[in-house]
There are 2 protein chains.
Amino acid sequence: MTTAERPSLLLVEDDAALGPLISELLEPDFAVHLAVNGSDGLHLALTRSWDAMVIDRGLPVMDGIALIKAVRAKGIATPILILTALGATDEKIRGLDAGANDYMSKPFDAMELAARLRALTRTYALPPQTLGIGDWELDAGARSMRSMYGLVVTLTAKEAGLLEILAGEPERVFTREDLINALFHPTDQPGVIDTYVHHLRRKISKTVIRTVHGLGYQIGEPHD
Amino acid sequence: MTTAERPSLLLVEDDAALGPLISELLEPDFAVHLAVNGSDGLHLALTRSWDAMVIDRGLPVMDGIALIKAVRAKGIATPILILTALGATDEKIRGLDAGANDYMSKPFDAMELAARLRALTRTYALPPQTLGIGDWELDAGARSMRSMYGLVVTLTAKEAGLLEILAGEPERVFTREDLINALFHPTDQPGVIDTYVHHLRRKISKTVIRTVHGLGYQIGEPHD
DNA sequence: AGGAGTTCTTAAGAGCTTCTTAAACGCCGC
DNA sequence: GCGGCGTTTAAGAAGCTCTTAAGAACTCCT
């Protein structure tokens, strides 16, 4: 599931009215693909990669439970929510034990279905701690910068540290003294900073770090 | 979650009657640990590893929603089911969007709770556990690597272990300390890692494992 | 425009990290 | 016990990073 893209969702629903309706309801949050019977659904489930599936319990040709079992038997771990018209507890249990991760009974609330699917597709990996800097993104952990379109530049410890401090408070002007106290021995001479600013400008872009004459350096929105 | 063992479950429930009851109901399927308030629950959630958590919505001291948010904020991806006395749809949505994977409203059916927890803790491991690494594929079970077009290289235990760890979290930079703690005795000297990295690069390819100077090693998309 | 002060750029050596090689050690099967 | 293999240690070589320094270029002020 790529960032900033809607998660892809396979919806298997044979009801000619309900299918398009659910599809439309979920479209804001998901890229929905509708399959109108179990065998189409199975084929799509096995041949493409999905972020989640919503499967109707009562399908012609191939039952929803059988479909889920077939998908799971192939080792596919994609989250599945099963839709059932039946509210009885053991029907729910049968669906869950067949390999569904969740179920909802018809009639259902559209907002809740969306919320449940968000819960199923959500991932909790801590996003690599990144800082946005102009067109670039700093990954302090890996000490690298990535521009849009994937160009990656690796930084040294001092370069990354300097950039991190500057980017941590955009618009603030840091004096050389500020930066030396934060990054170097206070006994070092102020010129060190200039050198690293130069290195960074060479690696990333001339315009990312702005010089404030007589004061120090700054990161922020371009002035022109 | 080890095979053939009951999954571990953290139950956070303040009701003196309900807590032990749920605990008893789930014991056949899960190794239940009961925390009777939110702060105990949070502490246990953060300090131990669980296969699933069941959290009451209405807790004294620390609310269930706040507890879930705190756990998710730490990057913990353990499945969570939230118990709520409130049946209103937006209450359910709030719980799910806070980071819960599922909810149940009281009063609830014990069998259904167990079924839902089984669904949450179930894993769908693919038969051959392979990891893609650049143009190669690691078969950790057979401790071998296959390149596209069939070239096969066998690895030693340490080599395969090291590669597996690195490939398990692409882009993450592992320090030598990280790797030693995972693979070797913590008393071993950090240089061991360098040697195995060298062996791997000789066997597979120079470019698969990237050195991050001063930090450690990393696998990930090539940087050019 | 001229001068003083500030910033940029380049280079090079010191110091530290990583790579590479080799050899010693220990375990297991023969 | 012996041989082979995997593991670990060690040490010099190679490479990268840090820091200093000094001249060039620029900015600001008079």
Side-chain angles (χ1 to χ4, degrees), chain A residues 138 140 142-145 152-166 173-219 223-224, chain B residues 138 140-145 153-166 173-219 223-224:
Chain A
L138 170 66
R143 289 200 327 225
S144 64
M145 297 211 74
V152 174
V153 172
T154 60
L155 305 175
T156 70
K158 297 290 183 185
E159 290 166 354
L162 178 56
L163 197 50
E164 199 179 347
I165 290 175
L166 289 171
V173 179
F174 291 84
T175 65
R176 287 177 179 70
E177 200 187 339
D178 290 339
L179 297 168
I180 282 196
N181 287 334
L183 265 182
F184 300 79
H185 299 287
T187 58
D188 288 350
Q189 56 179 68
V192 203
I193 304 297
D194 301 46
T195 302
Y196 283 107
V197 168
H198 176 61
H199 290 164
L200 281 170
R201 286 179 172 154
R202 179 163 42 82
K203 282 189 175 178
I204 314 293
S205 142
K206 291 272 185 193
T207 59
V208 165
I209 300 176
R210 192 164 41 243
T211 303
V212 181
H213 195 100
L215 287 181
Y217 296 98
Q218 178 195 35
I219 277 184
H223 281 175
D224 313 355
Chain B
L138 170 66
R143 293 210 319 241
S144 65
M145 298 211 72
V153 173
T154 61
L155 304 175
T156 70
K158 297 290 184 185
E159 289 166 354
L162 178 55
L163 198 49
E164 197 179 348
I165 291 175
L166 289 170
V173 179
F174 291 83
T175 65
R176 287 176 180 69
E177 201 186 339
D178 290 339
L179 298 168
I180 282 196
N181 288 334
L183 264 183
F184 301 79
H185 299 286
T187 57
D188 288 351
Q189 57 178 66
V192 203
I193 304 297
D194 301 47
T195 303
Y196 283 106
V197 167
H198 178 60
H199 290 164
L200 281 169
R201 297 217 256 233
R202 181 159 42 82
K203 282 189 175 177
I204 314 293
S205 141
K206 290 269 186 194
T207 59
V208 165
I209 300 175
R210 192 166 38 245
T211 303
V212 181
H213 196 104
L215 287 182
Y217 296 98
Q218 177 194 35
I219 278 183
H223 285 183
D224 305 47

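Order of the sequence lines fixes the chain letters, A, B, ..., with proteins taken first and strands second; residue numbering starts at 1 for each chain.
Under 4.0 angstrom from either OP1 or OP2 of D/dG6 there lies no side-chain N or O belonging to B/Tyr196.
In the helix from C/dA1-D/dT30 to C/dC30-D/dG1, the rotation axis of the first five pairs and that of the last five pairs differ in direction by 30°, rounded to 10 degrees.
Comparing A/His213 and A/Glu159 by the nucleotide of DNA chain D whose heavy atom lies nearest to each, the residue mapping closer to the 5' end is A/Glu159.
Legend: residues meeting side-chain contact (heavy atoms from CB on, under 4.5 Å) with B/Thr207, ordered by chain and number and at least two apart, are B/Ser205. Partners of A/Thr175 by side chain to side chain donor-acceptor pair (under 3.5 Å), not counting sequence neighbours, listed by chain and number: A/Asp178. A/Thr195 is linked by a side chain to side chain donor-acceptor pair (under 3.5 Å) to nothing, counting only residues two or more places apart in sequence or in another chain. Every side-chain contact (heavy atoms from CB on, under 4.5 Å) that B/Glu159 has, sequence neighbours left out, goes to B/Leu155, B/Thr156, B/Tyr196, B/His199, B/Leu200, B/Lys203. Listed by chain and residue number, B/Asp194 satisfy the salt bridge (Lys or Arg N to Asp or Glu O under 4.0 Å) test with B/Arg176 (two or more places apart in sequence, or in another chain).
Rounded to an integer number of Å, the gap from A/Leu162 CG to D/dT17 C1' is 15 Å. As rounded to whole Å, 15 Å separates atom P of D/dT7 from atom CD1 of B/Ile180. Rounded to whole Å, the distance from NZ on A/Lys158 to C1' on C/dG15 is 13 Å. At whole-Å resolution of the value, CG in B/Leu200 and C1' in D/dT7 are 14 Å apart. To the nearest angstrom, C1' of D/dC18 lies 15 Å from CG of A/Leu155. Computed from coordinates, the A/Leu215 CG to C/dT7 C1' distance equals 13 Å when rounded to whole Å. Following rounding to the nearest Å, B/Ile193 (CD1) and D/dA10 (C1') show an atom-to-atom distance of 16 Å. Rounded to an integer number of Å, the gap from A/Arg210 CZ to C/dC8 P is 13 Å.
Minimum heavy-atom separation, B/Thr211 to B/Tyr217: OG1-CE2, 3.5 Å. Of all heavy-atom pairs between B/Val208 and B/Ile219, the closest is O-CG1, 3.7 Å.
Considering only heavy atoms from C-beta on, B/Leu162 stays 4.5 Å or farther from B/Ile209 through its side chain.
Side chain of A/Thr156, nearest nucleotide from D/dT19, D/dT7, D/dT17: D/dT17.
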Please list, pair by pair, any protein nitrogen or oxygen found under 3.5 Å from a nitrogen or oxygen in nucleotides 19-28 of chain C.
unit_1	atom_1	unit_2	atom_2	d
C/dC19	OP1	B/Arg201	NH2	2.4
C/dC19	OP1	B/Thr211	OG1	2.5
C/dC19	OP2	B/Tyr217	OH	2.5
C/dT20	OP1	B/Lys206	NZ	3.2
C/dT20	OP2	B/His198	ND1	3.1

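Annotation: the span from B/His213 atom NE2 to A/Thr154 atom OG1 amounts to 11.0 Å, rounded to 0.5 Å.
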